[in-house]
Number of protein chains: 4
Amino acid sequence: MSAALPCIPTSAIPKRGRRKDARPGELLDAALDLFVDKGYAATRVEEVAARAGVSKGTLFLYFPSKQELFKAVVRQNIAGRFAEWDLELESYVGTSQDLVRYCFETWWERIGSTKASGLGKLMLSEANNFPEIAEFYRHEVVEPGHQLIRRVLQRGMDRGELRALDLEHAVYLVLAPLMFLMFSQSTPALCIPNAERFSPQEYIRLQADNVLQGLCVRSA
Amino acid sequence: MSAALPCIPTSAIPKRGRRKDARPGELLDAALDLFVDKGYAATRVEEVAARAGVSKGTLFLYFPSKQELFKAVVRQNIAGRFAEWDLELESYVGTSQDLVRYCFETWWERIGSTKASGLGKLMLSEANNFPEIAEFYRHEVVEPGHQLIRRVLQRGMDRGELRALDLEHAVYLVLAPLMFLMFSQSTPALCIPNAERFSPQEYIRLQADNVLQGLCVRSA
Amino acid sequence: MSAALPCIPTSAIPKRGRRKDARPGELLDAALDLFVDKGYAATRVEEVAARAGVSKGTLFLYFPSKQELFKAVVRQNIAGRFAEWDLELESYVGTSQDLVRYCFETWWERIGSTKASGLGKLMLSEANNFPEIAEFYRHEVVEPGHQLIRRVLQRGMDRGELRALDLEHAVYLVLAPLMFLMFSQSTPALCIPNAERFSPQEYIRLQADNVLQGLCVRSA
Amino acid sequence: MSAALPCIPTSAIPKRGRRKDARPGELLDAALDLFVDKGYAATRVEEVAARAGVSKGTLFLYFPSKQELFKAVVRQNIAGRFAEWDLELESYVGTSQDLVRYCFETWWERIGSTKASGLGKLMLSEANNFPEIAEFYRHEVVEPGHQLIRRVLQRGMDRGELRALDLEHAVYLVLAPLMFLMFSQSTPALCIPNAERFSPQEYIRLQADNVLQGLCVRSA
DNA sequence: AATGAATGAGTTTTCATTCAT
DNA sequence: CATGAATGAAAACTCATTCAT
């Protein structure tokens, strides 16, 4: 950091006043933090509003309910990005081995290592208590995610690069390691006892290596 | 009521005298079922008491708070069986490939398909709210589990049957698939969208196959 | 009041302690007062509980919701008494003229002049905002009331004591005056401008006279 | 936007210039409709503003509070037409029987079947919350109404066409049926359970018949 | 004059915990 | 020991009102 860089105030944002365009984003950011940190039920909307620098009433101006707020958080951070990822997959040029490896690494960069990964753990914890939200998540996140991996594997089989396997169970060769890492991120104590010697990147590389060794057609 | 009407005992055990010692155990059993089924917050102490056949007040006679009840539940149900398993491992005769496969299958039979699965998911969900009990779980379950797998892999490497890998990350080649299946058991909707076409046994077999394909030394 | 009458404490009731049997009645009395006085929406359950000398939580021990509390009030004060009134009607001996007169007078004594009459006004005011309660009231109070009057008139026609009229509209010859008096009781200012010169008993007598003069078969 | 694009006027009336004076009236009209339809509490000021085609803030420019808006609505819609009716009564030629019948029918046409009915019900509901406006209503509507009926009956007695009765209570022989019908109009469900078989005109006719049969001097 | 973004007070209901009996 | 009646804190959501623009 160069020396005399003038200290830009964290925000020149007037806390009072009309900032209609900025509000939703600020609220979603605050909500993501709190939801991930404390869970859905334990997060109070007033707290979300406070963290975003507005009053409780203002939050309800932009999101009609706590549930909708949560859904919006999920949409912004995960669900809404599948369209882009699907496109990326369609236009991928290269071997399926590379594609699989790319999936592992990209997932880590875009989801696993971000706050979004807290949402997965959150959903797992609260699914039973909020069936409607769970259904939303299943439909908007879980389903598309499975489809994405399924297509990756199908592509590999079609091209003769991956062994022909029962897709229904094979998707979990990719998903299980990712999901476990996701949960680990939120609760490392219970998943990764020696956290200090653990490197997510190394984990990702090893899991990708492993799954490919297993999936690759034997070149004899 | 006519005098000598034979008193049909509601249970073979005499009502008074018997209970006193059994109470805590009955409460813990009831609590385990409900905690695992509905989660910590959604389980009401009154329900636990009712299921154990006592009044709400009585529960608080044995456990000073809901939190303490929860801790007691976890502690009671984590009677470390690792000593036994470690022994089993020590005395295992056969290739390490077979041993790995045996681990996958035995884990499913003894843990994955049992109530213990629910306990694992429960811990994951509540670890943040109960750091103390999470620590206990880490020490009594997670650590020993990691050690067990670590020894299995080490054995394979020592015997030249498995590739030499960084154990710190390689343990997760075995653990991640198992843990994911564990969490799936409690919340299938979010993990396994096509549950009707999913077979845990098939999943176990495929994951074991896969990890072995990846771990085996190439006979080239 | 005689001089040295020992001052009996308004209640020897211990405000704290277990009084399961007495609670519902005390709560219903308090609720009737407040509902009638302030309306359904404006009455806060906490206030009801306080007036009954218990805490908010206790109220919900006996009534699962505000709506059910209200329904119970209506049942105790009106709906639950139709069975008795129907019986009284069946066993009435005397001319139908006398019976009609008896209805007017009895209604006044048992409903019109009591706090129960406030419930009618209350329902009229709040029906649009609480459709479920309105439906309950229609079914439990309005319908039975109409049926009762209908049977009275039918009896008179059958016995040749009352003119044959379209029952559908004739019931209101009796009901309209009663309902108007009911509403007047709660809001005299808007219904009876000269309240000081108004006597409900005189009103009842005159309306009964009038309706009978009109209903009676001309003795030529 | 290209320069001379002809501006299609949204209405024939020039947007600016016209409105200013009309605003309060439009707001009052919207408010009347909504208050009568949904009641005072259930009517949201934003809805009133929207219906009048202005923003919420604008409403508060003209009326300092919801309560004041309500008062203004009542005041505006009680333009006393009693002077005109009194004249009509003075100049009535015909028997008092006919006059009474004329009163019933005319009331229905001019009041009972119009929005004014809703205003009456509204006042009954809100009288307790708005004692000041209730007093206004009593003075402007209730009192004159009572006086009108009183004079009708007095006329009949003076002419020997109606029985001599205590006017103080006799007015309600006419008013009670009308008021009940008025309230019924706004809340039929609670007043007229068999609405489909009910005809207001038939009700009016029967009540008029009845009151006259009872009021007429016996020609013996 | 007009707008509409922002505010925050106000209420029902649940449930862990207490304690008189 | 056991009971169960009583307690009261806690949180989502609405909407009249304000005021910066």
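Here is how names work: the chains are called A, B, and so on, in the same order as the sequence lines, proteins then strands, and each is numbered from 1. Only a predicted model underlies this, so the values are computations on that prediction, with no experimental measurement involved.
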- [ ] Between A:E46 and C:G57, name the one whose nearest nucleotide on DNA chain F is closer to the 5' end.
- [x]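 The 5'-side residue here is C:G57.
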- [ ] Between D:A42 and A:R44, just flag the one whose closest nucleotide in DNA chain F comes earlier from the 5' side.
- [x]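 It is A:R44 whose nearest nucleotide is closer to the 5' end.
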- [ ] Taking only the side-chain heavy atoms of D:K66 (C-beta and beyond), determine which of F:dA16, E:dT7, E:dT17 contains the nearest atom.
- [x]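 When the side chain of D:K66 is considered, F:dA16 is the closest of F:dA16, E:dT7, E:dT17.
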[X] [atom1] to [N] [atom2]: how many Å, rounded?
| X | N | atom1 | atom2 | answer |
| --- | --- | --- | --- | --- |
| C:F60 | E:dT11 | CZ | P | 13 Å |
| B:L27 | F:dT3 | CG | P | 10 Å |
| A:E47 | F:dA10 | CD | C1' | 13 Å |
| A:L61 | E:dA6 | CG | C1' | 7 Å |
| C:Q67 | E:dT11 | CD | C1' | 15 Å |
| A:L59 | F:dA12 | CG | C1' | 11 Å |
| A:F130 | F:dA11 | CZ | C1' | 12 Å |
| C:F63 | F:dA6 | CZ | P | 12 Å |

Task: Short side-chain N/O contact from A:Y62 to OP1 or OP2 of E:dA6, under 4.0 Å - done: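 A:Y62 to E:dA6 OP1/OP2: side-chain N or O found under 4.0 Å.
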- [ ] Kindly say whether, by distance alone, the side chain of C:K56 makes a donor-acceptor pair under 3.5 Å with the base of F:dT7?
- [x]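 Not at all, since no donor on one side and acceptor on the other fall under 3.5 Å apart.
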Task: D:D33 and D:K115 ion-paired at < 4.0 Å - done: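 Looking at D:D33 and D:K115, the cut-off is met.
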Task: A:E126 with A:K121: basic N within carboxylate O range, under 4.0 Å - done: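 Salt bridge absent between A:E126 and A:K121.
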Open item on the list: With a 4.5 Å cut-off on side-chain heavy atoms, are D:I133 and D:M123 touching?
Closed with: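 Yes; the side chains approach each other to less than 4.5 Å.
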Task: Pairing partner (Watson-Crick or G-U wobble, both distances under 3.5 angstrom) of F:dT21 - done: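 F:dT21 is paired, partner E:dA2.
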- [ ] Could you tell me which nucleotide pairs with F:dC15 by Watson-Crick or G-U wobble geometry, both distances under 3.5 Å, or answer none if nothing does?
- [x]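 In the structure as shown, F:dC15 has E:dG8 as its Watson-Crick or wobble partner.
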TODO: Return the orientation label for the D:F130 and D:Y40 ring planes: parallel under 30°, perpendicular over 60°, tilted otherwise.
DONE: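 The arrangement is perpendicular - the two ring planes meet at more than 60°.
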TODO: Could you tell me whether A:F70 and A:F136 have their ring centroids closer than 6.0 angstrom?
DONE: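 Between A:F70 and A:F136, the centre distance exceeds or equals 6.0 Å.
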Task: Residue whose nearest DNA chain E nucleotide is more 5′ - D:T58 or B:V45 - done: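 The answer here is D:T58.
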